[in-house]
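Below: one structure, written as structure tokens.
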Amino acid sequence: MGCEPDGMMIVRADLNDRLDRLQRTAERMTVRDLMQGIAAIRTLAGAYGLVPVVALAEAFERAVQAQPRGCPA
């Protein structure tokens, strides 16, 4: 990987931490809390132009909305 500005490394680390937290606690979360966590990741990624992350978050949101009681495909 190239030389990233320190600020972007912090944003990526924050996104990674948020995703890890969601993964660890998803089984105990309500659907609403899970959706809020995904939305926070999407919003942060969008603010920094991380379009692939935004697209993945949107796809995850759609999957959860399609089957809110089960595991998204």
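Residues: numbered from 1 along the sequence shown. Quick note: numbers below take in every heavy atom, side chains included, and nothing from hydrogens, waters or symmetry partners.
The CZ atom of R21 lies 10.0 Å from the CG atom of L19; values are rounded to the nearest 0.5 Å. Distance check: L15 CG to L50 CG gives 6.5 Å after rounding to the nearest 0.5 Å. For the atom pair CG (D17) and CD1 (I41), the distance works out to 10.0 Å, reported to the nearest 0.5 Å. From I38, atom CD1 reaches atom CZ of R62 across 11.5 Å, with rounding to the nearest 0.5 Å. M35 CE to L22 CG: the interatomic distance, rounded to the nearest 0.5 Å, is 11.5 Å.
Remark: D14 engages R18 in a salt bridge (charged side-chain N to carboxylate O under 4.0 Å, His left out) (not counting sequence neighbours).
Y48 is not connected to I10 by any chain of hydrophobic side-chain contacts under 4.5 Å among Ile, Leu, Val, Met, Phe, Trp and Tyr, and they are in different clusters. In the hydrophobic cluster analysis, where Ile, Leu, Val, Met, Phe, Trp and Tyr join through side-chain heavy atoms closer than 4.5 angstrom, L44 is grouped together with L34. When hydrophobic clusters are built by joining Ile, Leu, Val, Met, Phe, Trp and Tyr residues whose side-chain heavy atoms come closer than 4.5 Å, directly or via intermediates, M29 is grouped together with V31.
Between the T25 side chain and the R28 main chain, no donor and acceptor come within less than 3.5 Å of each other.
A salt bridge does not link E58 to R42: none of the charged side-chain nitrogens sits closer than 4.0 Å to a carboxylate oxygen.
Of all heavy-atom pairs spanning V53 and A45, the tightest one is CG1-CB, 3.6 Å.
Residues R12 and N16 are not in side-chain contact: their nearest non-hydrogen atoms beyond the backbone lie 4.5 Å or more apart.
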